[in-house]
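One structure is given below, encoded as structure tokens.
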2 protein chains.
Amino acid sequence: MEPILDIAIALPEKGSRELLRSLHRQLRAAIIDGRLQAGLRLPPTRALARGLGISRNTVIAAYDMLLSEGYVEGRRGAGTFVADVRPRLERRKAPLQVDPVADKRLAPIWRGWRPLAETCSGETYRYDFVAGMPDSEFPFDIWQRLSTRAARRVARSPVHEHDPAGEPVLRRAIASHVSFVRAVACQPEDIVVTAGTRQAVDLIARILVTPGETEVALEDPGYGPTRRSFVGAGAKVLSIPVDEEGLVVDRLPPSARVICVTPSHQFPLGVAMSARRRTALLDFAESFGAVIVEDDYDSEFRHSGMPLDALQTLDRSGSVFYVGTFSKSMFPALRMGFVVAPEWARYALTLAKQLNDQHSPLINQLALADFIAESHLARHVRKMRRIYSARHEALRSALETHLGDHLRPFRAHAGVHLAAALTAPGDEQAVVGAAAARGIRVEDIARYASRDTAQRGFVFGFGMIEAKHIEPAIAELSGLGFGTI
Amino acid sequence: MEPILDIAIALPEKGSRELLRSLHRQLRAAIIDGRLQAGLRLPPTRALARGLGISRNTVIAAYDMLLSEGYVEGRRGAGTFVADVRPRLERRKAPLQVDPVADKRLAPIWRGWRPLAETCSGETYRYDFVAGMPDSEFPFDIWQRLSTRAARRVARSPVHEHDPAGEPVLRRAIASHVSFVRAVACQPEDIVVTAGTRQAVDLIARILVTPGETEVALEDPGYGPTRRSFVGAGAKVLSIPVDEEGLVVDRLPPSARVICVTPSHQFPLGVAMSARRRTALLDFAESFGAVIVEDDYDSEFRHSGMPLDALQTLDRSGSVFYVGTFSKSMFPALRMGFVVAPEWARYALTLAKQLNDQHSPLINQLALADFIAESHLARHVRKMRRIYSARHEALRSALETHLGDHLRPFRAHAGVHLAAALTAPGDEQAVVGAAAARGIRVEDIARYASRDTAQRGFVFGFGMIEAKHIEPAIAELSGLGFGTI
């Protein structure tokens with residue numbers, strides 16, 4: 001037997017009102033999305049009713065509703081036909097001339113931008129030195145056990161609104177975690193839980209920037225999304241150079257109101273900000289009433305030496321936002337991080353978070369609190385630190401062996417990437433391209449610079465490459481044109 | 001035996017460098033957070049080494065490091081003493097004079113604001129008619145099963161970056177879901193996954209508003225956080241009245257560039273925007289190049305009648321952002337929602353999402369995709385629709401019986417709250433206060449208005465009150481001063 005209609009209709013088992021609603025909706029959806037095309041004759045009500053095993057009155061009522069809405073037309077004596085709804089839906093059939101980046105309905109500052117190129121969009125490389133990504137190793141089984149326990153707790157408690165700054169149990173866990181690992185002295189009420197470093201910086205930008213006015217100093221080379229967040233917030237962005245002691249504080253103009261730094265492990269150079277630069281930066285902030293955003297994204301992975309005190313630890317004027325993330329120490333797609341906020345900014349930052357997304361997902365927050373409190377985080381970080389330290393060592397050694405004449409690694413004591421400067425001018429992009437052609441991904445420092453930078457060389461991430469592959473990869477890389485530079 | 005130190009020290013089992021680092025860090029943390037107070041004499045190195053079962057050299061090295069950092073002082077012949085680190089950390093010991101809302105380091109627009117009062121901060125009421133919260137009923141067991149499966153998938157796949165607009169599988173599920181339930185014709189690529197309605201509106205505000213210029217029309221009374229997001233983005237906010245047909249479109253000034261509406265179930269009045277107002281609003285947008293934000297937060301719960309077409313369905317000029325959420329249909333603390341964006345805004349919205357939080361948490365996205373695709377969402381919505389419809393009916397009937405002389409419910413066909421207008425002027429706040437004193441929570445409409453509104457009366461949410469409690473609650477409420485108004 002031929003089907004009565006070319007579309008599948010699935011109807012509920014119950015009451016006629018529900019039946020009618022469902023039938024009407026399915027027919028309408030099929031007309032709108034074109035499965036039932038204009039001009040098609042709908043089956044007679046009697047036939048459709050029999051075919052679907054429902055009362056004819058229900059089908060009549062559904063047709064009447066479609067008729068009154070203009071989705072079908074009745075031609076006297078000829079039956080019911082699908083109306084031509086294209087004029088109504090023409091946008092879909094014949095798309096408007098759309099300028100996807102410069103429509104004047106967008107605020108000017110958002111025109112001409114496209115989403116950032118993803119550094120790691122799923123291609124695979126034989127040897128991958130991409131920066132900013134950790135290893136995929138993570139105890140997901142433990143995480144899911146804690147999530148399930150958290151979900152049970154949520155299921156048992158009545159629905160209510162939650163503190164936008166984060167669940168108290170998580171803020172306590174984070175406060176004690178950063179006090180311990182980074183000597184960042186803070187209380188739970190100083191913590192605002194965020195969706196990683198991104199949201200932390202984005203919310204800070206929002207509450208500090210007066211559009212068109214506020215001058216914000218950023219490291220150059222530096223982390224692209226931070227720059228875009230501040231530009232998006234309307235800031236005037238100043239590019240400040242970085243050398244082997246970190247941000248060149250002397251180059252800050254007194255007009256800079258916000259200064260963003262990665263003092264533990266500069267992104268991308270990997271250097272630590274020296275003690276004297278730290279002092280100078282804090283003095284600058286105190287003198288000029290400026291604010292420091294300290295992004296401490298991967299210093300848990302310490303390979304050698306003792307960490308210098310965090311700016312937040314040394315700060316005496318409430319000038320520092322300390323930003324931490326679980327993207328590197330756990331996994332990036334978790335989207336969890338935090339800010340240790342100075343007291344004067346706590347309300348504004350909490351409100352910004354509240355307006356932005358109300359609060360971070362509850363089950364994730366509770367699971368993370370347990371993950372920290374039950375020492376799973378510390379254990380995982382210890383384990384990964386050993387792994388990353390071995391890779392760091394292998395990388396240093398391979399660079400020395402194979403590229404010692406061309407590259408000089410920057411001093412770095414922590415983190416998941418190492419940068420190396422070219423010891424003579426050269427064409428990094430040619431090397432990057434030649435490497436990519438052989439299945440090796442490595443990035444040049446210039447990629448992270450907003451314009452010409454004095455820093456030339458390469459960034460070697462080792463989150464995604466095993467220690468044993470590092471030496472062969474660098475050996476292969478050394479054959480790719482370094483000699484001709 | 002007396003403990004050697006008043007703090008617990010836990011040391012790793014392994015290498016001396018690790019031991020030293022750990023000991024140093026724990027001592028420093030204890031000094032910074034005050035567990036080891038200024039002036040305290042540290043135990044002699046020999047005694048501490050013995051007590052901890054480690055080599056004396058390690059203790060000496062740790063003390064030396066603390067000494068060089070200024071955390072301890074050596075007094076000749078007298079031993080090692082905890083230094084007075086208060087000057088260094090004075091911020092914590094003697095807080096600066098902090099103005100928590102008006103520090104001049106905040107952008108002016110963010111000064112003077114505090115986080116929004118939570119409507120539901122955990123207090124419990126005998127009878128709770130708070131608006132905007134769903135019932136706590138939800139199949140958390142299914143949710144966790146799907147989350148666990150998603151986590152296994154994530155664990156098996158290499159770390160890579162993800163589409164800020166959302167995982168393809170989730171965008172497909174959402175697109176087919178809204179096509180079906182709301183006849184919103186869209187493709188997966190039109191969808192941007194967000195952290196609920198909040199983030200959706202917040203990101204839309206960001207890409208559309210030129211600070212200090214863009215005029216944004218909002219329903220008044222309306223949803224407070226939407227107003228705050230637009231104010232925070234620098235918009236000039238216009239309050240447009242609402243009547244029984246929804247937004248009074250005639251009152252829109254031609255200068256309005258963005259118009260935010262809740263056409264399915266106006267928040268808080270509950271009315272549906274009439275067909276002619278819908279047409280008029282779309283004509284307005286088309287004529288003036290304005291943009292409509294259609295917030296469809298709870299229309300899944302339909303109690304009677306057929307829904308009018310969404311503005312997005314009727315739109316011919318690519319003027320509509322359709323915003324949906326899973327906060328009501330699933331649970332609010334999940335923080336998941338989406339935007340169906342017009343093509344010209346897709347890049348900007350995706351970039352805004354990317355800068356804001358990179359993407360929504362991956363495991364949650366994958367679990368939600370399965371929850372929709374495997375019909376758990378449709379099943380849960382069907383179940384809750386029956387429950388809410390019964391409450392809606394009970395509420396209408398109780399209002400008629402007990403308060404028919406004083407209140408006239410607004411027409412509403414969907415959702416989880418019902419509003420009722422006072423039929424004569426009265427003191428709603430007195431009633432709200434008297435009710436609260438008796439453990440009944442009900443809100444007045446004026447609470448949602450930005451200033452004097454013609455709409456006077458009450459909002460009755462029924463997400464948190466069972467059907468059987470509604471009649472007794474309204475009966476009790478009717479004794480609280482309505483007669484004297």
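On a predicted model such as this, the values are computed, not experimentally measured, just so you know. Protein chains get the first letters and strands the later ones, always in sequence-line order, with residue 1 at the start of each.
- Both the backbone and the side chain of A/Pro108 come within less than 4.5 Å of a heavy atom in chain B.
- Neither the backbone nor the side chain of A/Ala205 comes within less than 4.5 Å of any heavy atom in chain B.
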- Under the side-chain contact (heavy atoms from CB on, under 4.5 Å) criterion, do B/Asn356 and A/Arg198 qualify, and how do the steps go? CA-CA 6 Å; B/Asn356 184 212; A/Arg198 276 299 162 96; over 6 Å; no
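- In this structure, no portion of A/Phe138 lies under 4.5 Å from any heavy atom of chain B.
- Contact record, A/Ser136 with B/Ser157: CB-O, 4.5 Å, taken as the closest heavy-atom pair.
- Side chain of A/Arg105 to backbone of B/Ala290: no donor-acceptor contact under 3.5 angstrom is found.
- Using a 4.5 Å cut-off between heavy atoms, A/Thr214 makes no contact with chain B at all.
- For the set B/Arg182, B/Arg385, B/Lys104, the entry with the most heavy-atom pairs within less than 4.5 Å of chain A is B/Arg385.
- To the nearest 0.5 Å, atoms CZ (B/Arg21) and CZ (A/Arg302) are separated by 7.0 Å.
- Distance alone, capped at 3.5 Å, places no donor-acceptor pair between the A/Arg335 side chain and the B/Gln358 backbone.
- Minimum interatomic distance between B/Phe140 and A/Ala155 (heavy atoms only, all atoms of both residues): CD1-CB, 3.3 Å.
- Annotation: maximal heavy-atom pairing with chain B below 4.5 Å, among A/Ile109, A/Val181, A/Asp141, occurs at A/Val181.
- Within 6.0 Å of the OH atom in B/Tyr347, the count of heavy atoms belonging to other residues, nucleotides or ligands does not exceed 12.
- The choice from B/Leu106, B/Thr350, B/Val258 that makes the most heavy-atom pairs within less than 4.5 Å of chain A is B/Leu106.
- Residue A/Met65 touches chain B through its side chain alone, counting heavy-atom pairs closer than 4.5 Å.
- Using a 4.5 Å cut-off on side-chain heavy atoms (C-beta onward), A/Ser147 and B/Gln144 make contact.
- Using a 4.5 Å heavy-atom threshold, the side chains of B/Arg228 and A/Gln354 count as separate.
- For a residue to count as touching a neighbouring chain, one of its non-hydrogen atoms must lie under 4.5 Å from one of that chain's; by this rule A/Asp135 touches chain B with the backbone only.
- Interface residue A/Val291: only side-chain heavy atoms are found under 4.5 Å from chain B.
- Heavy atoms of B/Thr226 lying under 4.5 Å from chain A are absent altogether.
- A salt bridge links B/Arg28 to A/Asp309: one of the charged nitrogens lies within less than 4.0 Å of a carboxylate oxygen.
- Look at B/Arg206 and A/Asp202 and you find a salt bridge, because one of the NZ, NE, NH1 or NH2 atoms lies within 4.0 Å of a carboxylate O, short of that distance.
- Of the listed residues (A/Val201, A/Ile363, A/Ile207, A/Asn364), the greatest number of heavy-atom pairs within a distance under 4.5 Å of chain B belongs to A/Ile207.
- Contact count versus chain B (heavy atoms, under 4.5 Å) is highest, among A/Ala348, A/Gly196, A/Ser179, A/Gly132, for A/Ala348.
- With a threshold of 4.5 angstrom between heavy atoms, B/Arg346 does not approach chain A through any atom at all.
- Each of B/Arg145, B/His359, B/Met336 has some count of heavy-atom pairs under 4.5 Å with chain A, and the biggest count is that of B/His359.
- Ranked by heavy-atom pairs under 4.5 Å with chain A, the list B/Thr197, B/Leu203, B/Thr210, B/Leu355 is led by B/Leu355.
- How far CH2 of A/Trp110 is from CG of B/Leu208: 10.5 Å, rounded to the nearest 0.5 Å.
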